[in-house]
Amino acid sequence: MAHSAHKPPSPTVDEDPSASISAVHPDIIQAHILTRLDGPTLASAACTSSQLHSLASDHRLWSNICHSTWPSTTTPRLRHLISSFPDGAFSFFSDSFPLLANLDSSSAAAAADHHDRPSELISAVDIYHGEKLIFSKVVETETVSGWFMFSPFRVDLLDPKDVVPTTVKYPEADTCRDLGEELWLSWILIDPAGRRAMNLSSHTVVSVQRHWLSGEVHARFASIFPGEKGSASEYVQLGIVVTCGIGSEGGELQVREVSLQVEDMDGMHLNGKESLVILQRGLEGRKGRKGRRKEEGRRRYEKYLERKRERKEKKMRTEGTLDTLCVTFGVLGFLLFWLFILCR
């Protein structure tokens, strides 16, 4: 009788020791695998095993990721500054990549009483159209002079007569919104003394408008911060506006203005001293994000606009009630006056 031959089962991927990541030489992992990952993916990979955590902690990996994600960080001063962060480029990326988490407004008083405020702020800004970099610049802003403290807070990256040409075709009137879908911005604000950073941008455009007269397109990015409860600064908007115009030849898009301002719920711009309190609270706040990064910034902005409308309606109702009371007391006073005259 023929005996059937039983072959041993072939090892599965999980059972095959050679399929484990530990079987790959560390130099190959670090030079040919980890270098192909972006920041979030590299951070996730570092959590899977102690070996990957060790390999992914290399400063050069994170330094290259920071420079490729934000070309503005390649300047000599920022290279040196990033290396001086607590965990080097990894700390800088952890501070600068995510949207700011919802800050607790109860920390406003603590931040306002904090006297160790930054004497200088550095803005590292990169603007992309799709995957193409169209603008990159670093600006340093002093924060101790009386001019800064008591003037409306504003950071301009371009002088009034400066323009930055691009190869992007200027949008037609009916494709203006398409430009907003393609445009994205990163505005990293750095406190060089405190070795802290945060990204003020909503990443994607929250609103886009074309000026009816000049034809310029104004693309707005924004972050929403809590302020003092019960006041016009209960929530403030850190608004970044990118103004684009059309070139004289070929119809290419030009970047004509990039600016940052802080605005309260009544549409008033905060001065430097007030804005510095808001910015310091953001620098000291926890970083993190909920939901999808590209949608979260827009959702927060829409919620801010809703709160702004509610405040305006409440203010109008209050003013209407006061006007009615004033008219009522005026008429009553007038009637009492004539009643007094007629009864004499």
Side-chain angles (χ1 to χ4, degrees), residues 95-112 123 125 127 152-155 176-177 179-181 183-189 198-210 217-243 257-319:
D95 284 351
S96 305
F97 182 80
L99 292 175
L100 288 169
N102 292 324
L103 302 175
D104 184 5
S105 59
S106 63
S107 63
S123 298
V125 183
I127 304 177
F153 176 81
R154 183 184 176 103
V155 179
C176 180
R177 194 166 298 277
L179 175 65
E181 296 296 329
L183 211 61
W184 63 275
L185 173 144
S186 168
W187 188 305
I188 301 176
L189 195 71
M198 63 176 172
N199 204 321
L200 301 179
S201 178
S202 51
H203 187 72
T204 55
V205 173
V206 296
S207 71
V208 57
Q209 296 178 337
R210 183 188 292 270
V217 175
H218 302 277
R220 177 176 291 272
F221 304 79
S223 287
I224 310 302
F225 281 31
E228 185 180 351
K229 285 188 175 182
S231 69
S233 300
E234 183 170 359
Y235 289 94
V236 298
Q237 174 193 171
L238 278 73
I240 304 167
V241 177
V242 179
T243 301
E257 181 181 294
V258 184
S259 63
L260 167 68
Q261 287 184 291
V262 183
E263 180 182 302
D264 66 16
M265 298 181 73
D266 287 341
M268 301 296 292
H269 292 124
L270 275 60
N271 61 30
K273 184 178 181 180
E274 296 165 333
S275 300
L276 198 57
V277 173
I278 300 294
L279 295 173
Q280 184 185 12
R281 184 161 64 254
L283 288 166
E284 294 176 349
R286 64 185 176 87
K287 307 300 189 297
R289 61 185 176 93
K290 297 178 181 179
R292 298 178 62 183
R293 184 167 179 246
K294 292 186 178 181
E295 298 174 356
E296 181 66 12
R298 190 172 298 172
R299 186 192 66 80
R300 293 181 187 178
Y301 179 72
E302 290 172 352
K303 191 172 181 179
Y304 167 78
L305 292 181
E306 183 180 347
R307 290 192 181 108
K308 193 174 179 180
R309 284 192 297 268
E310 291 174 355
R311 175 179 172 82
K312 185 177 181 180
E313 291 171 359
K314 183 179 179 180
K315 189 176 180 181
M316 291 178 65
R317 287 196 300 268
T318 303
E319 291 175 351

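Remember, it's a predicted structure, so these values are computed and weren't measured experimentally. Below, each value reflects all heavy atoms present in this structure, side chains not excepted, and no hydrogens, waters or symmetry copies.
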- prompt: Between atom CD of E274 and atom CG of N271, what is the distance when rounded to the nearest 0.5 Å?
  reply: 4.0 Å
- prompt: Step by step, would you call F221 with V242 a side chain to side chain contact (heavy atoms under 4.5 Å, CB included)?
  reply: CA-CA 8 Å; F221 304 79; V242 179; 3.9 Å; yes
statement: Here the pair of heavy atoms bringing I278 nearest to P226 is CD1-O, 4.0 Å
field: Rounded distance (nearest 0.5 Å) linking atom OG of S207 with atom OH of Y301
entry: 4.0 Å
Gap separating the CG atom of D95 from the CG atom of N199, nearest 0.5 angstrom: 10.5 Å
message: Going by side chain to side chain contact (heavy atoms under 4.5 Å, CB included), E234 matches just one of E228, R311, R307, M265. Which one?
response: M265
- prompt: Is a side-chain N or O of D266 found less than 3.5 angstrom from the main chain of M268, in a donor-acceptor match?
  reply: no
K314 and E319 ion-paired at < 4.0 Å: no
message: For a quick test of reading the model, state the closest non-hydrogen atom pair linking D264 to V236 and the distance between them.
response: CA-CG1, 4.3 Å
- prompt: Passes side chain to side chain contact (heavy atoms under 4.5 Å, CB included), K303 versus R300? Steps please.
  reply: CA-CA 5 Å; K303 191 172 181 179; R300 293 181 187 178; 5.6 Å; no
statement: Which of S123, S202, S201 passes side-chain hydrogen bond (donor to acceptor under 3.5 Å, both in side chains) with W187? Answer is S123
query: Is E313 reaching over with its side chain to a backbone N or O of E310, donor-acceptor style, under 3.5 angstrom?
result: no
- request: Decide side chain to side chain contact (heavy atoms under 4.5 Å, CB included) for L279 and F153; before the verdict, give the C-alpha distance in whole Å, the side-chain angles of both, and the deciding distance to 0.1 Å.
  value: CA-CA 11 Å; L279 295 173; F153 176 81; 3.9 Å; yes
query: Does the side chain to side chain contact (heavy atoms under 4.5 Å, CB included) test come out yes or no for L238 and F225, once each step is laid out?
result: CA-CA 8 Å; L238 278 73; F225 281 31; 4.0 Å; yes
message: Measuring from atom CZ of R309 to atom CD of E306, what distance do you get when rounded to the nearest 0.5 angstrom?
response: 6.5 Å
- prompt: NE2/H269 to CZ/R154 distance, rounded to the nearest 0.5 angstrom?
  reply: 8.0 Å
query: Does the pair Q237 and R220 meet the rule for a side chain to side chain donor-acceptor pair (under 3.5 Å), with working shown?
result: CA-CA 11 Å; Q237 174 193 171; R220 177 176 291 272; 2.8 Å; yes
query: Nearest 0.5 Å, what's the CG-CD1 distance between L185 and I127?
result: 5.0 Å
task: Check the surroundings of atom NZ in K273: do more than 12 heavy atoms from other residues, nucleotides or ligands lie under 6.0 Å from it?
output: no
query: Donor-acceptor pair, S96 side chain versus I188 backbone, under 3.5 Å?
result: no
